[in-house]
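Single-structure report; data block below.
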Amino acid sequence: MFYAQLLVNGIVQGLVIGLAALSITLVFGIARFPNAATGDFMTFGAFSALTAHQATGSILFGGLGAIVATGLVSLLAYWAVFRRLADRSVVALLVASIGIGFLLRAVLGVVFGHGQQVFQVPLTRPYVFNGIRVMPLDLQLAAVAALALALVFSLLYLTPIGRQMRAVADNRDLARVSGIRPGRVMVALWLVAGGVAGVAGMMLGIKTIVTPEFGWEMLLPAFTAAILGGIGSPVGAVAAGLILGVAQELSTPFVGFTYKIALAFIIMLAVLLLRPRGLFGQLEGAR
Amino acid sequence: MTLLEFENVRGGYAEVDILNGISLSLRQGEILTVAGTNGAGKSTLAKAAVGLLPRVTGRIVFEGDDLVPLPTEARIARGIGYVPQVSNVFGSLSILENLQVVVGVKDQARRIGELFEAFPVLAERKRARAGSLSGGERQQLAFARALMTRPRLMILDEPTAALSPAKVADAFDLIARLPSLGVSVLVVEQRARQSLAISDRGCILDGGQVALAGDAKILLADERAAELYLGQAIHA
């Protein structure tokens, strides 16, 4: 029963990691670089949601605030920096994304301070299913994550712009000779990647405490999930996020809360050494 | 009437020129084969025409307009279709999605229906991932994708390179049919003899320059072309 409880907690944690990994894998698949600012986009999303929640008292509006604000910040980062470096090396883009992350963190620190902030959500009684306690808030967060994932996957697989995004990820030159305008695809990419990271940040913020550094600390598990799922594979990122979230929670009795993050690092090393293409990826990635 | 004209085109990747002043024209309704040895600049010329070559000087005039300042997608929108030599389908997308993803197609559903009629094997497997297709099926999909926009000019880069010998003749039959559909063709080919046999005119590149050009039948009969560029002497 104890482990079943940890499993439930791990699923919610896994959805947060999966959403962050989805943002990373989309950017890697289409823009072709590891976006180290993803964690700070999550932080920005958490603070945006916190502000919207404090103003309206509604988690729903908090979520919408996180999606819109983080999507726009992500788009701004593309327009101001990544677009101008598009022809540069992966390392140049990676370093630029680290710089954007530092900048975002500093701005959030100046505006909101470095103290811990929390979402003031009402206390509720847990539902009990066969002895397993599930908090209503966790169910709501799982529903939000499921809705966000459904929207992103619908966009990717059912809409023309989603097909174009997948085509650019598959073969950029062929996409261009198919008449696809890369700039339009990039705008869609950065809006979606930012929005997804924003939702992940809001979820993490509600589950824990919000500080300007908390998203940065999620970067390792998120990258691990992106790699485990097969870099460039959206389905893989979400599945691997769930696996990692559950694995981290189940490891807590053995390694303690503080060191469960180390599990992500061990899994990432093992995947890189034993199956670099991950669970769902192809050798060249970016699918 | 001239459809496409290369005027003193130079260009390449990084610092090195691969094209060294190519002047060449393609008339409306004809098939033009561009042949030559490896490294002669054939594929580079095709890439220059569709805007995939990073550095180009000179003029590439299509229906009276210079293409050189235009990005690739604008050239496609003007009526050019391009089939690359390798990676010519989106392997992770389905057959249907490979066609749906093409931008700038009027009445897309009808056009896809027309192409499924022309390529029935694609219609049968329209939900299959393009990456799972055989070489011949993949080539058909590559042609269908390029034909989605109803181009007036098709540029084909080594369309038979990845095909089994049994499928090569099918590919040349398909290319030979294109002018009857209102599509002119510039085809870059290593199988120069077979390609010239279905072409109106031919051009042989050497060192990024035009070494020989003219009527396809005359080129096929030319002893010097046969010995130097077409793989075997006429009387061998």
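Throughout, protein chains are lettered first and strands after them, A, B, ... in sequence-line order, and every chain is numbered starting at 1.
When A/Pro182, A/Ser178, A/Gly179 are compared by the number of non-hydrogen pairs under 4.5 Å with chain B, A/Ser178 comes out ahead. Ranked by heavy-atom pairs under 4.5 Å with chain A, the first of B/Asn88, B/Asn98, B/Thr149 is B/Asn88. The residue among A/Arg176, A/Arg181, A/Gln164 with the most heavy atom pairs within less than 4.5 Å of chain B is A/Arg176. Most heavy-atom pairs under 4.5 Å with chain A: of the set B/Lys47, B/Glu73, B/Gln100, this distinction falls to B/Glu73.
Applying the 6.0 Å contact sphere to CZ of A/Arg83 captures more than 12 heavy atoms from other residues, nucleotides or ligands. Other residues, nucleotides and ligands contribute more than 12 heavy atoms inside 6.0 Å of the CG atom of B/Asp107. Other residues, nucleotides and ligands place more than 12 heavy atoms under 6.0 Å from the CZ atom of B/Arg111.
Here the OH atom belonging to B/Tyr82 is positioned 8.0 Å from the CG atom belonging to A/Asp173, to the nearest 0.5 angstrom. In this structure, A/Arg163 CZ and B/Leu96 CG are separated by 7.5 Å, a value rounded to the nearest 0.5 Å.
When only modelled atom types and interatomic distance are considered, A/Arg166 and B/Ser92 share no side-chain donor-acceptor pair under 3.5 Å.
Across all non-hydrogen atoms, the minimal contact from A/Asn171 to B/Ser87 is ND2-O, 3.0 Å. Taking every heavy atom of both residues into account, A/Asp170 and B/Leu93 meet most closely at OD2-N, 4.4 Å. Nearest heavy atoms, A/Val177 versus B/Arg145: O-NH1, 3.9 Å.
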